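None of the values given here were measured: they were computed from a predicted structure. Counting starts at 1 for both ligands and their atoms, following the listed order. Worth knowing before you read on, the calculation uses all heavy atoms, side chains too, and leaves out hydrogens, waters and symmetry mates.
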Amino acid sequence: MNAKILGTTETFDTSDVVDPEAAPDTEPLSFSRTLNPTPASTERRAQIHAQPGFGKFFTDHMVSIDWDAATGWHDAGLIPYGPIQLDPAAAVLHYAQEIFEGLKAYRHPDGSIWAFRPEANAARLARSARRLALPELSEEDFLASVKLLVSTDHEWVPSSDSGESSLYLRPFMYASESFLGVRPSKQVRYLLIASPVGPYFASGVKPVSIWLSSSYTRAAPGGTGAAKCGGNYAAGLAAQLEAEAHGCEQVCFLDAAEHKWVEELGGMNIYFVRKDGTLVTPTVSGTILEGITRSSILTLAGELGLKVEERPISIDEWRAGVASGDITEAFACGTAAVITPLGRLVWEGGELEIPTGEVAMKIRGSLLDVQYGRTEDTHGWMQRLV
Ligand code: PLP
Ligand code: COI
């Protein structure tokens, strides 16, 4: 088959492309291991650990797995971190067939290294893959890739005493076939890279200001809002620029149909705290990413004696609730941002100060205590990597 000739029936033959309904490969992959001949020096690593920022520096290695329609997943291996080769006609560059995940490796006081609910990331990657017509990677192979990279680059995991630093893991998958016809790619590459990180916001854990976008929406029913695909983030960047032009750090998106219901921020879910101690978070119904932090807070809040409601919440309820004192706090949550209080809501023609209180920081503390091994993990959320 000549996949590069456009306009023939054969070109658009989809018989051997990924079948979204097909079961993922069941045989576990075996990984080769090629070490980086020029790893970063101990001094360089220490320099990076002293001021990691977010997503700026990367470890010595990455994991790569190839997929093609004929053989499935193959050529799994750990290789030196470095630039990748991509044909200018690679489908991902034209049609954005790409998905990713985000999770962290935490060092515990005894030096061991753990991941927080990584099987949930594996499951979400598989759901995103189905939505973007990409092949599913099994949970077993996903976890094996995480363990291989973190065990090889274990010295890159920041020490536990920093309290806020971790090794951010970014698994992603993209359409690597060079072909300009619009159909699911017959060649795909999965990569896993890792970056030592501090807090997501350069200002640290301070209340962030939020721009309420009225000109842009992030996701529509039937679209890709529930998938973690690069296109969702690209679509939010113009709104992010609008936010910055209005002196805000993040964007809050409303639903696409009625422009009334609060959905989420560009890269975080949202929670409200009411004065009776109830937490409210928007229902995830296809247009919102099902955050792992969001779902963990549902459990932790109950244990802290807080009632939790998952239900639609309108922008009018948010504004009126702050004005009347019924809403006493609002916070964003996600792997990168952990839990970050929201301090100000700005929209075309108005703004309000959002009060801050102790609830967000209390839940934040409980979550970090589990992740950093400072308290017992009663839910079996942590998986040991090293
Ligand atoms: N919503 C969006 C759009 C995100 O990008 C993220 C980050 O991953 C989240 C929510 C929070 O998800 P999680 O808690 O799984 O990191
Ligand atoms: C994460 O929290 O892992 C994300 O992918 C969100 C992004 C804003 C960094």
- Query: Looking only at side chains, do Ser145 and Tyr190 share a donor and an acceptor under 3.5 Å apart?
  - Reply: yes
- Ring centre gap for Trp381 and Phe116 strictly below 6.0 Å: yes
- Query: Can you name the residues that come within less than 4.0 Å of ligand 2, going by heavy atoms only?
  - Reply: Phe100, Gly102, Tyr168, Arg170, Tyr200, Lys228, Gly267, Thr335, Ala336
- Item | Glu101, portion touching ligand 1 at heavy-atom distance under 4.0 Å | neither
- protein heavy-atom neighbour closest to atom 16 (O) of ligand 1 works out as Thr335 OG1, 2.6 Å
- Message: Just to confirm my output: which protein heavy-atom neighbour is closest to atom 14 (O) of ligand 1, and how far is it?
- Response: Thr293 OG1, 2.5 Å
- Query: Would the Tyr216 and Phe253 ring centres measure less than 6.0 Å apart?
  - Reply: no
- Message: Tell me the protein heavy atom at minimum distance from atom 6 (C) of ligand 1, and give that distance in Å.
- Response: Gly267 O, 3.1 Å
- Which heavy-atom pair separates Ile327 from Pro355 by the least distance, and what is that distance? O-CG, 3.7 Å
- Query: Among protein heavy atoms, which lies nearest atom 8 (O) of ligand 1, and at what distance?
  - Reply: Lys228 NZ, 2.8 Å
- Message: Using a 4.0 Å cutoff against the non-hydrogen atoms of Tyr233, which atoms of ligand 1 qualify?
- Response: 2 (C), 3 (C), 4 (C), 5 (O)
- Could you find the nearest protein heavy atom to atom 1 (N) of ligand 1 and give me its residue, atom name and distance? Glu264 OE1, 2.5 Å
- OG1 of Thr281 to CD of Glu309, rounded to nearest 0.5 Å, is 11.0 Å
- Query: Would a hydrophobic clustering, with Ile, Leu, Val, Met, Phe, Trp and Tyr connected at side-chain separations under 4.5 Å, put Phe172 with Leu237?
  - Reply: no
- Message: Before we go on, tell me: are the rings of His74 and Trp67 under 6.0 Å apart, centre to centre?
- Response: no
- Message: Minimum distance, heavy atoms only, to atom 3 (C) of ligand 1: which one of Gly291, Ala337, Gly266 is it?
- Response: Gly266
- Task: Give the ring-plane orientation class for His49 versus Trp156, where under 30° counts as parallel, over 60° as perpendicular and anything between as tilted.
- Result: perpendicular
- Message: If hydrophobic clusters are built from ILVMFWY residues whose side chains come within less than 4.5 Å, do Leu149 and Leu35 share one?
- Response: yes
- Contact atoms of ligand 1, heavy-atom distance to Gly334 under 4.0 Å: 11 (C), 14 (O), 16 (O)
- Message: For ligand 1, which is the ligand I care about here, please tell me if Arg218 has any N or O atom under 3.5 Å from one of the ligand's N or O atoms.
- Response: no
- Message: I'd like to know if Leu169 and Phe57 are part of one continuous hydrophobic network [Ile/Leu/Val/Met/Phe/Trp/Tyr, side-chain heavy atoms within less than 4.5 Å].
- Response: yes
- Task: Compute whether any side-chain donor of one residue and acceptor of the other, for Trp211 and Ser213, lie under 3.5 angstrom apart.
- Result: no
- Val346, Leu265, Leu342 screened by side chain to side chain contact (heavy atoms under 4.5 Å, CB included) with Cys252, the one that passes: Leu265
- Message: Between ligand 1 and Glu290, is the shortest N or O to N or O distance under 3.5 Å?
- Response: no
- Note on the structure: For Arg124, the atoms of ligand 1 under 4.0 Å from one of its heavy atoms are 12 (O), 13 (P), 15 (O)
